[in-house]
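Written out below as structure tokens is the structure these notes cover.
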Amino acid sequence: MIKLSRVSTDSIEKILKEAQAFSEGKISKIEGDVFAANLFFENSTRTKTSFEVAEKKLGLQVIDFEADKSSIAKGETLLDTIKTLEAIGVEVAAIRHSETRYYDALKDTKLSIVNAGDGTGHHPSQAILDAMTIIQEFGKIEGLKIGIVGDVKHSRVANSGAGLFRRMGAKVYFSGPEFWFDEGMLVNGTYMQFDDLVKEVDVLILLRIQHERHERHFNFKPEDYLKKFGLTKEREAKMKPNAIVMHPAPINRGVEIDSDLVECERSRIFKQMQNGVFARMAILKFDLENKGFEFSDSNN
Amino acid sequence: MIKLSRVSTDSIEKILKEAQAFSEGKISKIEGDVFAANLFFENSTRTKTSFEVAEKKLGLQVIDFEADKSSIAKGETLLDTIKTLEAIGVEVAAIRHSETRYYDALKDTKLSIVNAGDGTGHHPSQAILDAMTIIQEFGKIEGLKIGIVGDVKHSRVANSGAGLFRRMGAKVYFSGPEFWFDEGMLVNGTYMQFDDLVKEVDVLILLRIQHERHERHFNFKPEDYLKKFGLTKEREAKMKPNAIVMHPAPINRGVEIDSDLVECERSRIFKQMQNGVFARMAILKFDLENKGFEFSDSNN
Amino acid sequence: MIKLSRVSTDSIEKILKEAQAFSEGKISKIEGDVFAANLFFENSTRTKTSFEVAEKKLGLQVIDFEADKSSIAKGETLLDTIKTLEAIGVEVAAIRHSETRYYDALKDTKLSIVNAGDGTGHHPSQAILDAMTIIQEFGKIEGLKIGIVGDVKHSRVANSGAGLFRRMGAKVYFSGPEFWFDEGMLVNGTYMQFDDLVKEVDVLILLRIQHERHERHFNFKPEDYLKKFGLTKEREAKMKPNAIVMHPAPINRGVEIDSDLVECERSRIFKQMQNGVFARMAILKFDLENKGFEFSDSNN
């Protein structure tokens with residue numbers, strides 16, 4: 001799964017249903033020795049570990065791949081590395097890469113790729129787990145108002161999420177520093193002042209300040225960002241009674257959100273991480289079933 | 001298991017008995033898919049590998065965690081990392097960290113922590129495997145004279161070991177450079193000149209010179225340290241007939257011990273490593289059983 | 001398996017037959033919990049991953065060993081590290097090390113070592129997988145003409161391969177820059193001008209320019225090397241009708257070989273990688289059976 005725009009709405013609904021079943025104790029184990037690899041060319045705890053747990057729960061054998069000790073350090077291209085893994089017998093790889101659309105160079109491979117984040121492009125498994133978390137709360141996405149706040153321009157989380165939520169019938173609003181907003185985003189949602197947005201939305205998704213992507217252009221002090229575009233206790237108090245707060249994490253405590261609110265009643269941040277494993281299990285199973293692999297299912 | 005002072009003597013005896021059973025071929029496998037992670041923020045071969053083998057022998061699924069490629073490199077706190085692993089489904093983590101009492105920040109987690117060494121604090125699994133090795137030799141710890149030599153002030157090995165041995169009825173003696181001895185140690189043992197100590201003890205535990213902890217204050221040449229505070233062949237010849245030599249390793253050959261003595265008849269250094277796997281299996285099983293997990297036992 | 005000169009021809013033929021059986025779907029699983037480790041002190045994707053897949057297919061438990069985070073970074077010798085792994089219960093280790101004959105220091109261990117490449121010395125599993133690939137093509141090695149081109153002097157691939165092919169009855173030819181040829185190589189083959197060699201051989205093995213080994217002495221521009229000693233389309237057109245092209249990879253595209261030829265009809269480069277897993281399974285099984293371990297075999 002490279003990006004959700006290539007996946008039918010029926011398939012997405014099937015994946016969301018399967019992910020929910022996994023969260024309720026369903027067990028699926030793949031038949032035979034099937035190999036997966038996780039290629040993370042950017043630092044990650046959550047997503048990499050989440051994929052690894054998902055793979056192991058599905059009974060996949062996980063190959064330890066370290067980008068910086070691989071032959072890529074000897075000058076090998078990503079395509080040659082992927083073709084190598086394919087030849088060696090790896091069937092599926094979760095790949096995170098700082099280059100947007102890195103997958104364009106990898107068309108010529110039979111290995112299934114699950115995009116675990118490409119530069120400022122897409123992050124489909126995050127969108128699926130976010131949708132799953134919202135559905136657990138509201139039973140549906142249709143008709144909800146969902147706000148995404150922060151660096152929406154460079155965020156693959158915003159990009160994948162907004163597209164999916166709009167397609168499933170939500171109204172999407174964006175906020176954050178205006179120079180991080182882009183007319184291209186208007187396809188999926190509208191820009192709103194943050195203090196208006198917090199009162200309006202059912203779901204508030206805060207984005208991480210990606211210091212590693214814009215050292216130069218970002219000149220806020222942490223406390224100033226919190227005051228202007230972060231979730232302070234004052235803003236939290238103005239949210240609708242049942243509205244929830246989400247964040248893809250890792251969190252910059254005291255920047256995007258007041259540290260005390262990270263685990264407040266509205267917060268679904270750790271719930272998102274839990275759901276991440278189930279969402280990735282469903283995605284991996286979907287991709288591997290499409291390649292003809294079989295799973296045996298049971299219940300806990 | 002954070003430190004042994006929080007564990008009852010009954011529980012320690014149960015763990016030691018279980019560790020011995022594992023060394024004699026007992027097999028325990030955990031029920032279901034249960035995940036462990038090893039978070040080593042300091043270099044390690046022995047302890048990390050030992051935990052990994054122990055976990056896999058117990059049937060745990062082991063998550064590959066690389067501190068330097070984790071979100072900690074994006075500024076995430078250790079607590080948020082641990083809560084993330086907990087949310088993702090990791091049940092137990094062995095943690096080594098250069099910060100003494102790193103675990104104080106981690107009270108608010110349901111994930112079981114096995115302390116694999118905190119700064120100059122504690123190293124409970126080392127103390128358990130050392131006790132196990134001594135009991136294999138002498139049948140008991142009570143009444144033995146145990147000498148610990150080297151940087152006792154900064155050594156978590158000395159700290160955890162001395163406390164346990166004294167509690168189990170041994171007399172503990174310390175030696176080494178006097179500026180590495182501290183009045184606080186007098187609770188657990190007494191200081192003795194090294195040449196007297198070697199003649200007196202049943203068990204001689206040599207500590208590693210931790211070059212990474214005191215570059216500045218340590219100004220011995222290796223051969224001078226060996227001459228003054230290391231186990232030379234001359235000193236070894238003066239030990240009691242049945243006395244044994246131990247070292248937590250890695251060894252600085254020719255510094256703490258004459259290289260030729262590393263595998264001498266008295267040496268239990270490689271035996272300690274063997275026992276390390278069994279001790280860690282017993283600790284992990286103890287912690288996981290306390291969390292309600294079940295194991296099926298059999299014999300080889 | 002350290003080097004092939006220590007293995008009887010009967011054993012090599014047994015290994016080649018077993019590797020072929022694995023490629024045709026034979027399954028072998030080791031009895032009990034048996035641990036393997038992969039110690040790669042040089043960057044590698046192919047060989048390390050290949051060993052890991054082979055080990056897991058055989059049902060071995062694979063220990064995650066990271067050279068740069070091990071106690072070797074605290075000054076421990078390779079021997080002490082290996083003896084530690086042995087004490088911890090590791091039965092077999094695949095080792096790659098930049099030091100030629102690193103294994104001489106490791107005689108005193110019961111842990112089985114599979115040499116995954118020592119400096120400019122040997123690389124037996126590469127020779128076995130190359131022989132396997134050639135036999136799949138021609139049914140035998142006897143009587144074939146095999147050319148090895150590039151830095152034959154520093155290449156462990158050339159060294160292990162040439163010895164094996166000659167021993168199995170092939171005629172071996174070398175080419176490449178003359179300062180990379182050595183009289184010592186004459187035992188196994190003869191030097192020939194590259195443009196003559198391409199017309200003569202049944203098998204053309206191109207070696208990787210090992211930039212990491214000879215920054216200083218290598219002063220070709222990539223395009224000049226390709227023109228003089230690389231497989232251009234012009235040279236490829238002059239090869240015998242059934243001749244094949246091999247390369248141990250990673251490939252420097254446009255240096256040893258025109259990028260367009262990497263997957264040409266003659267190329268067995270990705271076939272070699274596939275065979276690598278099966279060859280390593282056969283080698284590991286051979287070594288472990290010699291240590292008394294048992295496997296249960298079945299067919300897919």
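Lettering of chains follows the sequences in order, A, B, ..., and the numbering in each one begins at 1.
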For this session: Please step through side-chain contact (heavy atoms from CB on, under 4.5 Å) for the pair B:R46 and C:L85, ending with a clear verdict.
Result: CA-CA 8 Å; B:R46 218 163 325 279; C:L85 294 176; over 6 Å; no
Exercise. In Å, rounded to the nearest 0.5 Å, how long is the span from CZ of C:F35 to CD of B:E52?
Worked result: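 Spacing of CZ (C:F35) from CD (B:E52) equals 8.0 Å.
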For this session: Hey, could you give me the CG/CD1 distance between B:N275 and C:I88, rounded to the nearest 0.5 Å?
Result: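 Between B:N275 CG and C:I88 CD1, I get 11.5 Å after rounding to 0.5 Å.
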For this session: Please flag which part of B:K271 lies under 4.5 Å from any non-hydrogen atom of chain C: side chain, backbone, both or neither.
Result: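 The answer is neither part of B:K271.
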Problem set entry | Side chain, backbone, both or neither of B:E55 within contact of chain C (heavy atoms, under 4.5 Å) |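 It is neither, since no heavy atom gets under 4.5 Å.
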Greater than 12 external heavy atoms within 6.0 Å of [X]'s [atom1]:
X      : atom1 : value
C:E31  : CD    : yes
C:K291 : NZ    : yes
C:E294 : CD    : no

For this session: Could you tell me whether the side chain of B:V53 reaches within less than 4.5 Å of the side chain of C:Q61, counting heavy atoms only?
Result: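 They are not in contact (no side-chain heavy atoms under 4.5 Å apart), so the answer is no.
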For this session: For the pair C:D33 and B:K29, evaluate salt bridge (charged side-chain N to carboxylate O under 4.0 Å, His left out) and give the outcome as yes or no after the intermediate values.
Result: CA-CA 11 Å; C:D33 283 336; B:K29 294 283 178 191; 2.5 Å; yes
Exercise. Side chain, backbone, both or neither: which part of C:V34 has a non-hydrogen atom closer than 4.5 Å to chain B?
Worked result: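 Neither the backbone nor the side chain of C:V34 comes within 4.5 Å of chain B.
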Exercise. Just checking, C:K83 and B:F270: is the charged tip under 6.0 Å from the six-membered ring centre and within 45° of the axis?
Worked result: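 Yes, C:K83 sits over the ring of B:F270.
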Problem set entry | Where C:A87 and B:M273 come nearest, the two heavy atoms and their spacing |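 That would be CB-CB, 3.6 Å.
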